[in-house]
Amino acid sequence: MPRKTIQKNLAYDTERQLYYAVFRQDGRRYTRTYRTREEAQAALEGNSCADRRLPGKDCTLGEWLTFWLEEVVARDRAESTLYAYRNMARCHVLPALGRIPLAELTPLRIQGYLYEKMNQGLSPNTVIKHYVMLTTALGMAVRLEMLERSPMERVTPPKKKEARFSFYSPEQLQLLFSAVSGTMMELPVKLAAYLGLRRSEICGLRWENVDLEAGLLSIREVRTEVGGSVVLKSPKTRTSARRLGITGLQDLQQVLRRAWERRRSDDPKEWVVLRQDGAPPKPDQLTRDLLTVVRRQGLPKISLHGLRHSFASVANSQGVPMFDISRTLGHSSMTVTSNIYTHLFDDTEAQALAAVARAIEKA
């Protein structure tokens with residue numbers, strides 16, 4: 001277990017590098033997270049939380065949502081999720097609904113809020129995230145007997161809009177490869193295109209997880225950006241932590257060997273992808289650098305995640321089974337892969353139907 005007790009009512013999570021302090025008030029138990037042990041101990045001693053009260057049944061939605069974010073989400077969710085929820089609450093939910101007493105929150109008010117956000121120009125998929133956050137927060141209010149019934153049970157979310165992803169053809173990939181040849185962008189571009197790696201997986205790749213002799217590359221850690229700060233964490237899901245064989249990928253192996261020869265230390269924990277000055281790039285900077293390259297070359301706009309989609313597209317066009325594509329991409333199931341790439345696999349089905357038709361006509 002990554003979380004270890006270091007004293008009474010205080011634990012440390014080695015993965016998230018956070019301290020967890022446990023408080024009890026009015027017969028209830030709650031937990032708060034802190035960056036340093038000093039902050040956590042000060043809170044336990046009453047220096048920062050002595051007057052803190054848990055929300056009562058007469059609280060507003062704003063008070064409940066703030067409590068839920070800081071005491072529940074901050075403890076159990078990834079930092080990127082917490083950051084997204086905080087922004088969603090601060091910029092949208094709290095100004096619109098925050099002053100309404102929790103007990104007076106009706107399905108009609110929330111339904112109206114969802115319609116209002118769509119009228120303001122938010123996409124259906126974004127508004128669905130608001131719906132999910134409110135459903136989760138108010139569901140906990142019901143379980144803790146703050147509400148008898150969640151108004152979200154009678155709220156209808158917007159219909160999800162099917163995402164259409166941009167991707168490159170093999171010919172366009174070759175043009176991009178030529179454009180980044182010999183630059184620091186060559187390695188991240190080819191890791192995304194040849195292996196379908198996520199941007200966070202590329203940025204989180206260390207030399208200890210690359211075995212050039214055996215031709216193996218392992219995804220064990222990701223490096224992402226939250227609010228301008230770089231965050232290290234475990235892969236997205238259990239299946240995202242995976243091992244990929246690169247024996248047959250001579251081009252990628254050559255780029256990796258050149259990067260190995262240029263490394264500045266023998267530390268196995270050194271990052272594989274580095275800037276010219278030897279520092280690891282921020283994930284968002286990689287995206288901006290790639291956009292600069294494609295604009296200069298007159299290629300269609302694409303992101304590193306678009307190159308991941310390109311991998312799936314090329315694999316599908318070459319008849320690679322969906323199961324193998326799903327495992328390589330690190331999806332939790334083939335259903336996830338199928339849902340994401342429906343437009344690609346629909347083309348495959350059309351080819352199958354055409355083949356059957358040709359056989360029947362020939363007979």
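Just so you know, these numbers use all the heavy atoms, side chains as well, and skip hydrogens, waters and symmetry mates. Here the structure is a predicted model, which means the values were calculated and not measured.
- Residue pairs meeting the salt bridge (Lys or Arg N to Asp or Glu O under 4.0 Å) criterion with at least one partner in residues 145-157, sequence neighbours excluded, are R149-E153.
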Hey, can you pull the donor-acceptor pairs under 3.5 Å for the side chains in residues 105-112, sequence neighbours left out?
{"unit_1": "T106", "atom_1": "OG1", "unit_2": "R109", "atom_2": "N", "d": "3.2"}
{"unit_1": "Q111", "atom_1": "OE1", "unit_2": "T156", "atom_2": "N", "d": "2.8"}
{"unit_1": "Q111", "atom_1": "NE2", "unit_2": "T156", "atom_2": "O", "d": "2.8"}

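- Side-chain contact check for R238 versus S332: every heavy-atom pair is 4.5 Å or farther apart.
- K161 places none of its side-chain heavy atoms less than 4.5 Å from the side chain of S123.
- Counting Ile, Leu, Val, Met, Phe, Trp and Tyr side chains that sit under 4.5 Å apart, directly or through other members, V226 shares a hydrophobic cluster with Y83, V231.
- Sorted by first and then second residue, the side-chain hydrogen bond (donor to acceptor under 3.5 Å, both in side chains) pairs with a member in residues 274-283 read R275-D277; sequence neighbours excluded.
- The closest side-chain heavy-atom distance from C59 to M146 is below 4.5 Å.
- At least one side-chain heavy atom of L197 sits less than 4.5 Å from a side-chain heavy atom of L244.
- Considering only residues two or more places apart in sequence or on other chains, T328 meets the side chain to side chain donor-acceptor pair (under 3.5 Å) condition with none of them.
- Two residues are said to be in side-chain contact when any heavy atoms from C-beta on lie closer than 4.5 Å; V222 and T224 fail this criterion.
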Handout entry: Worked verdict on Y85 versus R77 for side-chain contact (heavy atoms from CB on, under 4.5 Å)
Key = CA-CA 10 Å; Y85 276 0; R77 304 292 181 86; 3.8 Å; yes
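- The structure places CG of L82 at 6.0 Å from CD of E70, a figure rounded to the nearest 0.5 Å.
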Exercise for the section: Could you walk me through whether E270 and R263 pass salt bridge (charged side-chain N to carboxylate O under 4.0 Å, His left out), step by step? Expected result: CA-CA 8 Å; E270 183 177 305; R263 73 193 192 285; over 6 Å; no
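- With rounding to the nearest 0.5 angstrom, the CG atom of L195 is 8.5 Å from the CZ atom of R242.
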Contacts table for residues 91-103: side-chain donor-acceptor under 3.5 angstrom, sequence neighbours left out:
{"unit_1": "H92", "atom_1": "ND1", "unit_2": "K117", "atom_2": "NZ", "d": "3.2"}

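- Within the 3.5 Å criterion, the main-chain N or O of V314 finds a donor-acceptor partner in the side chain of S317.
- Within the structure, salt bridge (Lys or Arg N to Asp or Glu O under 4.0 Å) pairs that include any residue of residues 184-196 comprise E186-K190, E186-R258, K190-D251 (at least two apart or interchain).
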What pairs of donor and acceptor atoms, side-chain ones from residues 174-185 against any protein atom, are under 3.5 angstrom apart with sequence neighbours left out?
{"unit_1": "S178", "atom_1": "OG", "unit_2": "Q174", "atom_2": "O", "d": "3.1"}
{"unit_1": "T183", "atom_1": "OG1", "unit_2": "V180", "atom_2": "O", "d": "2.7"}
{"unit_1": "T183", "atom_1": "OG1", "unit_2": "M185", "atom_2": "N", "d": "3.2"}

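- Residues meeting the ring-ring contact (aromatic ring centres under 6.0 Å, His included) test with W271, sequence neighbours left out: none.
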Exercise for the section: Could you please spell out the steps behind the salt bridge (charged side-chain N to carboxylate O under 4.0 Å, His left out) verdict for R264 and D267? Expected result: CA-CA 9 Å; R264 302 197 175 192; D267 184 357; over 6 Å; no
All N/O donor-acceptor pairs, side-chain side in residues 286-293, below 3.5 Å, sequence neighbours left out:
{"unit_1": "T287", "atom_1": "OG1", "unit_2": "R199", "atom_2": "NH1", "d": "2.7"}
{"unit_1": "R288", "atom_1": "NH2", "unit_2": "Q285", "atom_2": "OE1", "d": "2.9"}
{"unit_1": "D289", "atom_1": "OD1", "unit_2": "Q285", "atom_2": "NE2", "d": "2.8"}
{"unit_1": "T292", "atom_1": "OG1", "unit_2": "R288", "atom_2": "O", "d": "3.0"}

I'd like a table of donor-acceptor pairs (distance under 3.5 Å, sequence neighbours excluded) in which one partner is a side-chain atom from residues 294-306, with atom names and distances.
{"unit_1": "S303", "atom_1": "OG", "unit_2": "H305", "atom_2": "N", "d": "3.3"}
{"unit_1": "S303", "atom_1": "OG", "unit_2": "G306", "atom_2": "N", "d": "3.1"}

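- Applying the salt bridge (Lys or Arg N to Asp or Glu O under 4.0 Å) test to every pair with at least one member in residues 218-228, sequence neighbours left out, gives these pairs: R206-E221.
- Within the 4.5 Å cutoff, no side-chain heavy atoms of N209 are placed close to those of I219.
- In this structure, T247 and L216 have side chains that are not in contact, with every pair of non-hydrogen atoms separated by 4.5 Å or more.
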